[in-house]
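Working notes, structure below.
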Amino acid sequence: MHATYQFSSAQEISKEVIDAIKAKFKSKAITIVVEENEDEIELADEMKSILNDRLNEDEATYLTANDSIDRLKDKYGV
């Protein structure tokens with residue numbers, strides 16, 4: 001049997017959640033894996049500065065993200 005529980009913070013894991021897991025799996029062996037949400041990233045100040053500079057660029061010379069990636073692939077072969 002498989003169950004996935006997702007929480008927006010560890011503070012949401014209450015006694016009731018633990019009791020529900022105990023009730024569902026009873027005396028069966030279980031494994032609990034805890035991992036941070038990797039979708040949340042923290043931008044460094046330098047990264048924020050670069051992004052802010054990009055926001056202030058002249059729209060006439062603007063490159064889309066895909067165009068930028070294509071140019072980087074051509075330049076660096078990745």
Side-chain angles (χ1 to χ4, degrees):
M1 186 182 307
H2 176 83
T4 301
Y5 299 86
Q6 293 183 328
F7 303 97
S8 60
S9 93
Q11 301 308 312
E12 291 183 11
I13 304 171
S14 64
K15 182 181 180 322
E16 289 78 17
V17 171
I18 301 299
D19 290 342
I21 293 170
K22 288 179 179 180
K24 181 172 186 153
F25 293 96
K26 298 185 177 34
S27 61
K28 297 176 183 152
I30 64 170
T31 300
I32 297 176
V33 177
V34 178
E35 61 186 14
E36 287 185 285
N37 183 349
E38 296 175 6
D39 293 337
E40 295 181 21
I41 59 170
E42 179 89 19
L43 295 177
D45 289 338
E46 182 181 2
M47 297 164 88
K48 291 176 185 177
S49 176
I50 291 168
L51 291 172
N52 284 332
D53 289 344
R54 289 275 296 167
L55 286 174
N56 293 324
E57 286 181 1
D58 182 5
E59 289 186 24
T61 59
Y62 175 79
L63 288 175
T64 66
N66 287 335
D67 290 339
S68 293
I69 291 170
D70 289 341
R71 289 180 66 179
L72 289 169
K73 284 178 182 177
D74 291 341
K75 183 173 183 176
Y76 297 109
V78 290

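For clarity, every value in this text was computed on a predicted model and none was experimentally measured.
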Cluster link Leu63 to Ile69, ILVMFWY, side chain under 4.5 Å: no
Sequence neighbours left out, cut at 3.5 Å: what donor-acceptor pairs do the side chains of residues 28-36 make with other protein atoms?
none

All pairs passing side chain to side chain donor-acceptor pair (under 3.5 Å) where residues 4-14 contributes a residue, at least two apart: His2-Thr4, Ser8-Glu12, Ser14-Glu16
Note, Ser49 side chain near Asp45 side chain (heavy atom, < 4.5 Å): no
Residue pair Asp67 / Thr64, side-chain donor-acceptor N/O under 3.5 Å: yes
Nearest-0.5 Å distance that lies between atom CD in Glu46 and atom CG in Leu51: 11.0 Å
